[in-house]
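Below you'll find the structure, written out as structure tokens, and then a few comments.
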Amino acid sequence: MATDCPLLVWMLSLNRDVLTEEYDKCFHLVQDCVPHARLPYQPTSIDSFRQLICHMLPLLMMRHRRISRAKWKDCVTSNGKHWIEQSPDDMPPEKFLQSMIGYHLAYDNSLCGMVMTQGRQRQVINIGLGIKQISVEPKGVSVAAYAESFAHKLTPLEMTFLSPELGDEVVLRRLSILLSLKAAYIKAVGQSTAFDWSRLEFNIPSESARGDDHPLQGWEFRVFKAQLGVQRMGGVMLEESYQCACAFFRGTKESKFIWHDNAKDLEAWVQFINIDQMVKVIPKLRA
């Protein structure tokens, strides 16, 4: 069982617009140090930059562990689950087996993230992260219409949690929780984006989850919120809220939901950084 594998999360805020020079630095770093990414050069695409930043997060995490890039390799399962294998040199066999790092990358709008854990390979790969901005899209659409647009991804029970009488703020937050939990689980098991989300059901009041009408057992779901201050063109500062969820298979008898409602809860396992901090350390990430 993976009961002793700690979860750690890195969150990077795209807190301002990016310069072409900064994009180029990130692109060349990923091209050289993350060869499996194979991203096209698109300096005017914000989505391209988000993907670059996500692929840089494992480099940053390993740098913090003082492990040079030459001393580890990125591995992947047949269904796309990534883990990092460190060099076995100067490491006892048992420690080597426990040194595998499973991780998953995700992003939405101004927030890029990575969740990771360490242990044996089979323990660490079933890990996923879901990020959902708590806002309607496109801007100006009603919350009720926005929630209805996701009906195909939700079950009839889940739709009852989004009754308009609850008010826009509650409906939007609950919708974001449901979608981030589903995204985290789907990625944790290595399913594609074409997966039918309505096959999953999260009963938030009873803190239980089902897949194809069977209980999801042995999972840990962590739910938390991230608040960002983002500066956009013209110097306008915007406040953005994101709902985040981690899914990790621990192999316990029951599944467990952990709710983090304040910033202090997150300090021990969630690290927040911004573009400036990431760009500043690019030369060190090559080492």
Side-chain angles (χ1 to χ4, degrees), residues 9 11-17 46-47 50 106-113 115 128-187 193 195-211 216 221-247 255 257-266 270 272 274:
V9 169
M11 287 290 185
L12 186 140
S13 163
L14 302 178
N15 58 307
R16 59 168 175 78
D17 294 321
I46 183 61
D47 203 57
R50 292 180 186 117
Y107 64 84
D108 189 26
N109 201 9
S110 305
L111 187 61
C112 300
V115 60
L129 175 65
I131 301 175
K132 177 72 182 74
Q133 186 174 5
I134 307 175
S135 68
V136 296
E137 184 67 37
K139 293 197 184 306
V141 71
S142 72
V143 170
Y146 183 65
E148 187 61 37
S149 72
F150 287 96
H152 64 291
K153 292 189 172 185
L154 305 174
T155 67
L157 175 67
E158 290 168 336
M159 289 300 291
T160 67
F161 304 148
L162 308 177
S163 174
E165 296 82 54
L166 296 167
D168 287 354
E169 188 177 338
V170 172
V171 169
L172 201 52
R173 176 83 194 278
R174 287 186 177 185
L175 174 65
S176 301
I177 289 173
L178 289 169
L179 294 176
S180 61
L181 279 168
K182 291 191 178 199
Y185 175 82
I186 288 167
K187 293 305 180 185
T193 50
F195 182 83
D196 180 1
W197 290 37
S198 66
R199 289 170 57 187
L200 299 174
E201 181 171 84
F202 283 88
N203 188 332
I204 304 301
S206 71
E207 296 195 350
S208 62
R210 301 178 75 81
L216 298 182
F221 298 102
R222 297 194 187 188
V223 185
F224 63 98
K225 198 172 163 186
Q227 298 285 143
L228 307 184
V230 180
Q231 188 171 0
R232 289 296 174 234
M233 217 173 281
V236 179
M237 185 65 78
L238 304 173
E239 287 288 323
E240 295 180 355
S241 300
Y242 292 82
Q243 188 60 56
C244 308
C246 301
S255 285
F257 286 75
I258 303 172
W259 304 84
H260 296 275
D261 294 323
N262 60 69
K264 192 149 186 67
D265 286 348
L266 302 179
V270 181
F272 286 93
N274 59 34

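What you see below is based on every heavy atom in this structure, not just the backbone, and it leaves out hydrogens, waters and symmetry mates. Owing to the predicted nature of the structure, the values given are computational and were not obtained by experimental measurement. The residues of the chain are indexed from 1 along the displayed sequence.
The minimum heavy-atom distance between Leu162 and Leu175, with the atom names listed, is CD2-N, 3.6 Å. Here the shortest heavy-atom pairing between Ala145 and Val141 reads CB-CG2, 4.0 Å. What you find for Ile131 and Asp108 is that their closest heavy atoms are O-CB, 3.6 Å. The minimum heavy-atom distance between Ala184 and Ala245, with the atom names listed, is CB-O, 3.4 Å.
No side-chain heavy atom of Pro164 sits less than 4.5 Å from a side-chain heavy atom of Val171. Here the side chains of Lys153 and Glu158 are not in contact, with every heavy-atom distance at 4.5 Å or above. Looking only at side-chain heavy atoms (C-beta outward), Gln227 and Ser241 come within less than 4.5 Å of each other. Residues Leu154 and Lys182 meet the side-chain proximity criterion, which asks for heavy atoms closer than 4.5 Å. Residues Tyr107 and Leu14 have side chains not in contact (no heavy-atom distance under 4.5 Å, counting atoms from C-beta outward). Using a 4.5 Å heavy-atom threshold, the side chains of Leu111 and Met11 count as touching. By the 4.5 Å heavy-atom criterion applied to side chains, Arg210 and Thr155 are not counted as neighbours. Inter-residue side-chain proximity for Asn109 and Glu240 is flagged as met; some heavy-atom pair is nearer than 4.5 Å.
Judged by distance alone, the side chain of Ser163 and the main-chain N or O of Thr160 form no donor-acceptor pair under 3.5 Å.
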Where do Leu178 and Trp197 land on the side-chain contact (heavy atoms from CB on, under 4.5 Å) test, with the steps shown first? CA-CA 10 Å; Leu178 289 169; Trp197 290 37; over 6 Å; no
Could you walk me through whether Val170 and Arg173 satisfy the side-chain contact (heavy atoms from CB on, under 4.5 Å) test, starting with their C-alpha distance in whole Å, then the side-chain angles of each, then the deciding distance to 0.1 Å, before giving a yes or no? CA-CA 5 Å; Val170 172; Arg173 176 83 194 278; 5.9 Å; no
Go through Asn203 and Phe161 one step at a time and tell me if the side-chain contact (heavy atoms from CB on, under 4.5 Å) criterion holds. CA-CA 9 Å; Asn203 188 332; Phe161 304 148; 3.6 Å; yes
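In this view, Phe272 satisfies the ring pair (Phe, Tyr, Trp, His ring centres under 6.0 Å) rule with no residue, not counting sequence neighbours.
Here the CG atom belonging to Leu216 is positioned 4.5 Å from the OH atom belonging to Tyr185, to the nearest 0.5 angstrom. With rounding to the nearest 0.5 Å, the separation of CZ in Arg222 from SG in Cys246 is 7.0 Å. Note that CG of Leu228 and OH of Tyr242 are 5.5 Å apart. Values are rounded to the nearest 0.5 Å. From Leu200, atom CG reaches atom CG of Leu181 across 10.0 Å, with rounding to the nearest 0.5 Å. Atom CD1 of residue Ile186 and atom CZ of residue Arg199 lie 9.5 Å apart, to the nearest 0.5 angstrom. Here NZ of Lys225 is found 12.0 Å from CG of Leu266. Values are rounded to the nearest 0.5 Å.
Between Tyr146 and Phe150, the ring planes lie perpendicular to each other; the angle is over 60°, past the 30° to 60° tilted range. Classified by interplanar angle (parallel below 30°, tilted 30° to 60°, perpendicular above 60°), the ring pair Phe221/Phe202 is perpendicular.
Neither side chain, Gln243 nor Ser176, offers a donor N or O lying under 3.5 Å from an acceptor on the other.
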